[in-house]
Amino acid sequence: MFEKIAKFVVKYRALVLLFWAAVVITAAFGAVRIESVLTGSFGSVENSESQVVREAMSEFPAQSPDSIVLVMKAGANELSVGDPAFDDTMKSIVSSFEKVPQVGRIVTYLDSGVPENQLVSSDGRIALVLVGLNTENLDAAEQVVPLLRDELKTVSRPEGMQFFVTGPPAIYYDAVVVGKEDTNRAELIALPITGITLVLAFAALVAAAIPLMIGVISVSVSLAILYILGAYLGVFLNTFAQTITTMVGLAVGIDYALLMVARFREALKENISPDQAAIRATTTAGRTVAFSGFTVAVSLAALLLPDSLILRSMGYAGVITVLVAIAATLTAVPALLSLLGERVNAPRALHRLLTRPIKQARGIWQRLPRMVLRRPLITVLSVLLILTLLTIPAKDLIPDVPGVEVLPSRVDSQQGAQALEEMGKLGAVNPLQVLIDTGVPGTVFNRDFISSLYDVTKDLETIPRIESIISPTSGSVLLNKTLYRAYYSSEEAARSGPIATLADSTVSTGGQKVLLTVFPEGQITSSATGELRTAILTRLEQEPLLNGSKISFGGWAQESAESFAATWDVFPQMIVLILLATFVVLTVAFRSLLMPLKAVVLNAFSVLASFGVLVAVFQYGWGAKLFGVTELPDPMRIDFLIPVLLFAIVFGLSMDYEVFLVSRIRELHEGGLDTEKSTVEAIERTGPIITWAALLMVTVFLAFLSASTLYIKQTGLPLAVAIIVDATLVRIGLVPAFMKLAGKWNWWLPAPLKRVLPPH
């Protein structure tokens with residue numbers, strides 16, 4: 001098959017190159033628009049409780065599924081709530097915001113029936129304005145954030161007063177903006193360094209340009225495809241999908257093309273025609289690229305398994321990017337190489353200058369495998385000990401949903417969160433909503449029900465970790481149970497009296513449903529959300545008048561917990577799927593049972609080692625400052641998506657060099673060499689190029705340590721560590737040692753499988 005592909009590509013090389021040129025030019029129009037279809041949110045889980053609560057919001061006159069928190073901070077001046085300058089500024093903000101079509105009900109500390117202590121700091125110098133949004137979903141709510149910030153620029157303010165827009169939509173919007181900045185910065189760092197590295201690897205400018213070109217093509221075309229999926233098919237795409245596309249696209253695109261170019265240049269030295277050299281490169285290195293790439297794609301496809309929109313968006317990004325890289329490598333690269341021929345080594349002066357020291361360094365690739373093969377058992381035990389030590393910290397991994405703390409302190413929504421923390425209201429950015437559906441219209445407008453609700457609200461406020469609650473009976477401290485019974489005697493009385501704003505936001509039209517908004521103390525973890533939910537549910541179920549009511553939980557805290565559960569609950573199944581799928585693909589590639597099994601086991605060590613480094617740096621804080629992390633939250637939690645993502649990416653990528661090396665060993669073995677000699681010669685031939693390839697991939701991943709967001713750093717560093725481990729300890733140590741120990745069993749394949757599997 002690969003020979004047919006190669007011959008077709010070489011024969012019609014001009015058309016192939018024109019095709020890719022047209023694709024890249026067209027893709028550019030979609031790639032530059034990718035940000036317009038990205039969101040910072042996790043996405044909802046289908047048929048979840050939070051969706052029930054979100055859909056019910058339309059029944060509350062003054063409620064919106066999504067809202068923004070504006071923080072007004074007096075700053076260095078002596079103003080506080082109640083001063084005309086402070087209050088007039090707030091009124092001007094409200095007037096400006098009301099011009100934005102997507103803005104619904106705005107709640108301020110001046111509204112009657114709204115408890116001032118909920119919206120004002122104890123010293124009166126910080127005030128909150130709650131802005132409800134009439135948007136269909138959180139993605140649409142994000143797009144309102146820049147509109148509100150633009151309106152704030154037109155509002156005159158007292159000297160020193162600061163405005164911060166925060167809350168889930170603002171946090172997610174800022175995550176998209178910062179994510180794009182981080183990705184662009186990483187590209188600017190990675191591309192020049194990889195370019196220089198490629199020149200050193202090939203001792204030629206032309207040869208160095210080809211992998212770089214394929215890396216850029218892989219990223220741009222993949223981003224364009226993602227844009228089409230998001231803009232025209234409505235596929236949910238988290239901002240991290242762009243980061244994954246860039247990270248994986250540059251890494252595998254450059255890596256795969258590097259292997260092809262190296263094999264082509266090796267074939268040219270045998271004095272065969274450029275066309276034949278391109279065909280040979282495709283049938284050998286190209287075959288390796290295909291199997292390696294499909295292994296990566298299969299691993300990343302496991303991200304589509306959980307009922308998690310954010311993880312699926314990363315799965316789409318990863319699979320599409322790898323497939324584009326494979327397609328470009330197997331078609332555009334051989335077409336270009338056959339066209340260039342010997343000119344791939346241009347300029348000759350540079351080639352002569354750098355070739356000699358490269359040749360002198362190759363002696364190490366003969367000595368190292370021979371040393372390992374002399375003492376294979378000692379090598380295996382020593383390397384496994386090192387990998388075990390790297391893995392130990394992984395046992396302390398604490399996965400959780402990231403909060404606003406992952407954004408840099410310079411970001412508006414993060415500064416707003418810091419101001420909220422000052423006033424003890426950080427829970428305002430991740431409230432937990434409790435929907436009580438009594439099932440009977442008019443139930444709320446009953447004196448006994450209101451008395452019961454008054455008592456249960458007071459009871460709920462005593463639960464640890466709850467800072468405050470907004471309920472139908474949580475208005476001014478001047479109000480008591482008797483007054484609430486009077487105000488809620490009828491719907492008309494409730495919605496036209498002193499508590500109208502409160503009633504409109506907490507009681508549904510018709511009086512069948514009640515909405516409680518629970519503000520936790522500070523940031524709340526997924527496990528803490530579950531504990532809080534259980535405590536609230538227990539108290540509510542003890543109230544006789546609520547018997548028979550359906551209680552559902554929603555809000556950002558609940559949505560985050562649902563996303564965490566949807567992902568983490570199926571992680572074990574994902575691991576099994578990746579292991580089995582990888583084993584099957586490698587069995588076809590190697591035509592062996594032992595080598596795929598060995599590869600899967602060794603790759604598992606690479607993954608665990610990357611987990612260990614992740615925990616050591618980002619939880620323990622070991623060497624964190626070296627990677628630009630000056631301060632870690634206490635307690636530090638790892639973004640729950642990172643371990644899942646790492647397993648899929650690392651398991652696929654770390655298989656690259658295994659496939660490339662073992663394929664070469666098998667090729668030499670089938671050519672007549674015994675296992676030991678074929679192993680030594682394969683390492684000698686592939687050692688330099690695999691080392692350069694690993695160095696390039698590590699460079700790409702480490703470039704993402706320049707990111708200002710923690711979750712991107714938490715991805716880049718473990719990926720780099722995994723590739724370093726795989727390209728050194730595994731490839732140089734464990735692979736040849738196991739080849740020696742297994743001997744003829746390396747190539748064992750049951751007869752039934754020999755008949756079923758395609759020929760090598």
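Small disclaimer: the values here were computed from a predicted structure and weren't measured.
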Check the pair Leu717 / Phe627 against side chain to side chain contact (heavy atoms under 4.5 Å, CB included), numbers first and verdict last. CA-CA 9 Å; Leu717 179 61; Phe627 305 107; 3.7 Å; yes
Show the numbers, then the answer: is there a side chain to side chain contact (heavy atoms under 4.5 Å, CB included) between Phe647 and Val607? CA-CA 6 Å; Phe647 193 92; Val607 174; 3.4 Å; yes
Using modelled atom types only, decide if a donor and an acceptor are shared between the side chain of [X] and the backbone of [Y] within a distance under 3.5 Å.
X: Lys713; Y: Ala707; result: yes
X: Ser592; Y: Asn746; result: yes
X: Ser36; Y: Arg33; result: yes
X: Arg312; Y: Pro306; result: yes
X: Ser706; Y: Ala703; result: yes
X: Ser67; Y: Ser64; result: no
X: Arg591; Y: Thr587; result: no
X: Thr582; Y: Ile578; result: yes
X: Lys550; Y: Asp437; result: no

Separation between [atom1] of [X] and [atom2] of [Y], rounded to the nearest 0.5 Å:
X: Tyr316; Y: Leu226; atom1: OH; atom2: CG; result: 11.0 Å
X: Ile723; Y: Leu696; atom1: CD1; atom2: CG; result: 11.5 Å
X: Leu586; Y: Ser292; atom1: CG; atom2: OG; result: 9.0 Å
X: Ile724; Y: Phe701; atom1: CD1; atom2: CZ; result: 11.0 Å
X: Asn603; Y: Asp726; atom1: CG; atom2: CG; result: 6.0 Å
X: Thr321; Y: Leu223; atom1: OG1; atom2: CG; result: 7.0 Å

Would you indicate whether the side-chain heavy atoms of [Y] and [X] approach each other to under 4.5 Å?
X: Leu250; Y: Ser218; answer: no
X: Pro718; Y: Val613; answer: no
X: Ile398; Y: Gln619; answer: yes
X: Ser413; Y: Leu407; answer: yes
X: Lys598; Y: Val601; answer: no
X: Val700; Y: Thr194; answer: yes
X: Gln573; Y: Leu305; answer: yes
X: Leu397; Y: Pro643; answer: yes

Considering all heavy atoms of both residues, which atom of [X] and which atom of [Y] are nearest to each other, and what is their separation?
X: Leu594; Y: Ala742; value: CD2-CB, 3.5 Å
X: Val37; Y: Ala231; value: CG1-N, 3.7 Å
X: Ile326; Y: Ala290; value: CD1-O, 4.3 Å
X: Val585; Y: Val298; value: CG2-CG2, 4.3 Å
X: Pro211; Y: Ile254; value: O-CG1, 3.4 Å
X: Ala722; Y: Val650; value: CB-CG1, 3.5 Å

Check the pair Gln242 / Glu35 against side chain to side chain contact (heavy atoms under 4.5 Å, CB included), numbers first and verdict last. CA-CA 8 Å; Gln242 180 184 19; Glu35 187 180 358; 5.6 Å; no
Under the salt bridge (Lys or Arg N to Asp or Glu O under 4.0 Å) rule, collect the residues that match up with Arg185, sequence neighbours excluded.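 Asp182.
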Just to verify, what does Glu187 make a salt bridge (Lys or Arg N to Asp or Glu O under 4.0 Å) with, not counting sequence neighbours? none
If we ignore angles and hydrogens, is there a donor and acceptor under 3.5 Å between the side chains of Glu142 and Thr39? yes
Contacts of Ser48 that satisfy side chain to side chain donor-acceptor pair (under 3.5 Å) - sequence neighbours left out: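 So Ser48 forms a side chain to side chain donor-acceptor pair (under 3.5 Å) with Ser50, Glu562.
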For a side-chain contact (heavy atoms from CB on, under 4.5 Å) with Phe240, tell me which candidate from Thr709, Thr183, Ile310, Ile712 qualifies.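 Running side-chain contact (heavy atoms from CB on, under 4.5 Å) over Thr709, Thr183, Ile310, Ile712 with Phe240 returns exactly one hit, Ile712.
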Test Ile320 against every option in Thr245, Ile225, Val248 by the side-chain contact (heavy atoms from CB on, under 4.5 Å) rule and name the one that passes.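 Exactly one pass, corresponding to Ile225.
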Can Ser308 and Phe564 be said to form a side chain to side chain contact (heavy atoms under 4.5 Å, CB included), step by step? CA-CA 8 Å; Ser308 168; Phe564 176 87; over 6 Å; no
Could you tell me whether Tyr172 and Trp556 have their ring centroids closer than 6.0 angstrom?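 Yes, the ring of Tyr172 comes within the 6.0 Å limit of the ring of Trp556, centre to centre.
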Quick one: do Arg54 and Glu49 make a salt bridge, cutoff under 4.0 Å? no
